[in-house]
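What follows is a single structure, written as structure tokens, with notes after it.
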Amino acid sequence: MSFVESEERRELRKVVSELGKKYGYEWFNRQARSGGHTTELWLEAGKLGFLGVNLPEQYGGGGGGMADLSIVLEELGAAGCPLLMLVVSPSICGTVISRFGTDEQKQTWLPGLADGTTIMAFAITEPDAGSNSHQITTTARRADDGWSLTGRKVFISGLDVAKAVLVVGRTEDAKTGKLKPALFIVPIDAPGVEFQQIEMDLISPDKQYALFLDDVQLPREALVGSEDAALMQLFAGLNPERIMASAFAIGIARHALGKATAYVKERQVWKAPIGAHQGLAHPLAQIKIELELARLMMQKAAALYDAGDDMGAGEAANMAKYAAGEVAVRATDQAVQSLGGNGMTVEYGVASLVAAARATRIAPVSREMILNFVAQHSLGLPKSY
């Protein structure tokens, strides 16, 4: 791993940033407040090859890795257009299918995930399981010609724009209390599939849903990978999720810091711009430091994952997600404080970032569960739960 990005990645940052600025936060905010979607930006990013930069070239992707895809999301977020489904569709779903899918599954799904014409959601969280994935109850039972899937999921992003959802269930014989996950591709229009929007107090174009699976009949080919793969196959998708969640949070933090910095450079109340006062300058400088540290850990996690070190990537990805969520919250809060009353107005578009940043401390894994992971696996402390 080099601490200096390659020329190709610097160029990727540049062109993605230009695309993000072409649309910008005002456009993104209008789409969110009107109940619209970011389809126009999504499809253009796909056409330019950005969405599938991590997917295999033979299926229309760029042949890169999570390091490249994280750059795409970070730069779009820094430009004011954080595309949440980038965390899910090409990252989790595309990665799992690329690594464990059959040739037929890859040919069916990856080209669309790469060019943006297909969006796939991901469903793991359940109302009675929360952060304890060992307690999921969505169950796949063998049928004569495939599987029958029954269960319920919550806080599933993007079901209104997805063609299918990658569902984490457990096989019928997994009754030992230990998680034995199995992954299934479920078409959104399959009989027995229903979803209902969860009203969120967030200004976002990406909606959250409760997903209901009632005896959904699936062919044998719906199973991705092995039903006996246990946790390692699931982590192959969750580590990219944490890396991309870090990129999402870092992008928001950069956008908020940029707005605050520009404002305090120009805003003059006494004899000098207010950015000359340490009461504002120092908090912004601290955020800049914390942001760069979070990005370094995200880059480490991506480098480990792309090198095939799933276990090493797990620790780094969790740490990156923790650091990125913390700095996103600090950056948006300080941006509002730096702008004063203007920070609460729609015109300046800062206050609306606060809730989105706050969510990055909760999802896709809470800061408390990350601290549990680090305490147990990194420090060797006794398990606390």
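Hydrogens, waters and symmetry mates play no part in the numbers below; they use all other heavy atoms, side chains included. In this text, all values refer to a predicted model and were calculated from it rather than measured experimentally.
- Under the 4.5 Å side-chain heavy-atom criterion for grouping Ile, Leu, Val, Met, Phe, Trp and Tyr, M297 is connected to V374 within one hydrophobic cluster.
- The backbone N or O of L223 lies less than 3.5 Å from a partner atom in the side chain of Q105, making a donor-acceptor pair.
- Shortest non-hydrogen contact noted between S338 and I274 is O-CD1, 3.9 Å.
- Expressed to the nearest 0.5 Å, how far NZ of K106 lies from CZ of F100 amounts to 10.0 Å.
- In terms of modelled atom types and a separation under 3.5 Å, the side chain of K21 and the main chain of A79 share no donor-acceptor contact.
- The CD atom of E44 lies 13.0 Å from the OG1 atom of T39; values are rounded to the nearest 0.5 Å.
- Residue A190 comes nearest to V216 through the heavy atom pair CB-CG1, 4.1 Å, listed as atom of the first residue, atom of the second, then distance.
- Annotation: ring-ring contact (aromatic ring centres under 6.0 Å, His included) contacts of Y209 (sequence neighbours excluded): F195.
- Counting heavy atoms from C-beta on, the side chains of D128 and T137 never come closer than 4.5 Å.
- Residue pairs meeting the side chain to side chain donor-acceptor pair (under 3.5 Å) criterion with at least one member in residues 346-364, sequence neighbours excluded: Y25-S352, E326-R361.
- Using a 4.5 Å heavy-atom threshold, the side chains of V154 and L211 count as separate.
- Following chains of ILVMFWY side-chain contacts shorter than 4.5 Å, one can reach V264 starting from V269, so the two form part of one hydrophobic cluster.
- Salt bridge status for R99 with D310: present, with a side-chain N to carboxylate O gap under 4.0 Å.
- For D160 and H37, the side-chain atoms include at least one donor-acceptor pair closer than 3.5 Å.
- The neighbour count for E5 CD, taken as heavy atoms of other residues, nucleotides or ligands under 6.0 Å away, is above 12.
- Minimum heavy-atom separation, T125 to I156: O-CD1, 4.4 Å.
- Closest of all the heavy-atom pairs between V72 and F50 is CG2-O, 3.7 Å.
- At most 12 non-hydrogen atoms from other residues, nucleotides or ligands lie less than 6.0 angstrom from CD of E26.
- Side-chain contact check for Q208 versus L84: some heavy-atom pair is nearer than 4.5 Å.
- Contact of the E266 side chain with the P273 side chain is not registered, since no non-hydrogen atoms from C-beta on lie closer than 4.5 Å.
- Under the 3.5 Å distance criterion, the side-chain polar atoms of S91 are left unmatched by any main-chain donor or acceptor of V88.
- Side-chain contact between M85 and D206: present, with at least one pair of heavy atoms (C-beta onward) separated by less than 4.5 Å.
- A side-chain N or O of Q217 and one of D215 form a donor-acceptor pair less than 3.5 Å apart.
- A salt bridge links R9 with D68: the closest approach of a Lys/Arg side-chain nitrogen to an acidic carboxylate oxygen falls below 4.0 angstrom.
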Next on the checklist: Could you go through I71 and V16, starting from their C-alpha distance and side-chain angles, then the distance that decides it, and tell me whether this counts as side-chain contact (heavy atoms from CB on, under 4.5 Å)?
Outcome noted: CA-CA 8 Å; I71 287 173; V16 174; 5.5 Å; no

Quick one: side chains of residues 378-385, donor-acceptor pairs under 3.5 Å with protein atoms, not counting sequence neighbours, listed by atom name and distance.
{"unit_1": "S378", "atom_1": "OG", "unit_2": "E315", "atom_2": "OE2", "d": "2.5"}
{"unit_1": "S384", "atom_1": "OG", "unit_2": "N372", "atom_2": "OD1", "d": "3.3"}

Item to check | Candidate pair F373 and V365, rule side-chain contact (heavy atoms from CB on, under 4.5 Å), full reasoning | outcome: CA-CA 11 Å; F373 178 93; V365 59; over 6 Å; no

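- Here Q337 contributes atom CD and L284 contributes atom CG; the two are 11.0 Å apart, rounded to the nearest 0.5 Å.
- With T332 contributing its side chain and V329 its backbone, the two residues share a donor-acceptor pair below 3.5 Å.
- Note: Q334 CD to T261 OG1 = 10.0 Å, rounded to the nearest 0.5 Å.
- In the hydrophobic cluster analysis, where Ile, Leu, Val, Met, Phe, Trp and Tyr join through side-chain heavy atoms closer than 4.5 angstrom, L304 is grouped apart from L238.
- Between the side chain of T345 and the main chain of N342, a donor-acceptor pair closer than 3.5 Å is present.
- Across S98 and L110, no two heavy atoms sit closer than the pair OG-CD1, 3.6 Å.
- Atom OG1 of T171 and atom CD of E227 lie 5.5 Å apart (nearest 0.5 Å).
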Checklist entry - Run the side-chain contact (heavy atoms from CB on, under 4.5 Å) check on T150 and L213 step by step: do they pass? => result CA-CA 5 Å; T150 297; L213 305 162; 5.6 Å; no

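- At a threshold of 4.5 Å between non-hydrogen side-chain atoms, the residues M120 and I185 count as touching.
- Using a distance-only test at 3.5 Å, with no hydrogens or angles considered, no donor-acceptor pair links the side chain of T38 to the main chain of L41.
- When only modelled atom types and interatomic distance are considered, E126 and Q135 share no side-chain donor-acceptor pair under 3.5 Å.
- F28 and I203 sit in two unconnected hydrophobic clusters of ILVMFWY residues. Membership requires side-chain heavy atoms under 4.5 Å apart, directly or through other members.
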Item to check | Working for side-chain contact (heavy atoms from CB on, under 4.5 Å), residues L296 and F3 | outcome: CA-CA 8 Å; L296 280 174; F3 290 99; 3.9 Å; yes

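- Between the side chain of K153 and the backbone N or O of V168, at least one donor-acceptor pair lies under 3.5 Å.
- We find that E292 and R295 are joined by a salt bridge, their nearest charged nitrogen and carboxylate oxygen being less than 4.0 Å apart.
- Atom CD of E194 has 12 or fewer neighbouring heavy atoms from other residues, nucleotides or ligands inside a 6.0 Å radius.
- Although no hydrogens or angles enter the test, the distance criterion places a donor-acceptor pair under 3.5 Å between the side chain of K207 and the main chain of P205.
- Closest approach of C93 to A121, counting heavy atoms only: SG-O, 3.4 Å.
- Hydrophobic clustering (side-chain heavy atoms under 4.5 Å, transitive across Ile, Leu, Val, Met, Phe, Trp, Tyr) keeps V186 apart from F155.
- K14 has a carboxylate O that lies under 4.0 Å from a charged side-chain N of E18, or vice versa, which qualifies the two as a salt bridge.
- Atoms CG and OG, from L73 and S246 in turn, are 10.0 Å apart once rounded to the nearest 0.5 Å.
- Residue M311 qualifies as open at atom CE: its count of foreign heavy atoms under 6.0 Å is 12 or below.
- Not a single donor-acceptor pair under 3.5 Å links the side chain of N54 to the backbone N or O of G62.
- Between M344 and V336 there is a side-chain heavy-atom pair separated by less than 4.5 Å.
- Ion pair K321/E241 not flagged as a salt bridge, since none of the NZ, NE, NH1 or NH2 atoms sits closer than 4.0 Å to an Asp/Glu carboxylate oxygen.
- At least one donor-acceptor pair under 3.5 Å links the side chain of Y305 to the backbone N or O of A236.
- By the 4.5 Å heavy-atom criterion applied to side chains, I124 and L234 are counted as neighbours.
- No side-chain N or O of S226 forms a donor-acceptor pair with one of Q233 less than 3.5 Å apart.
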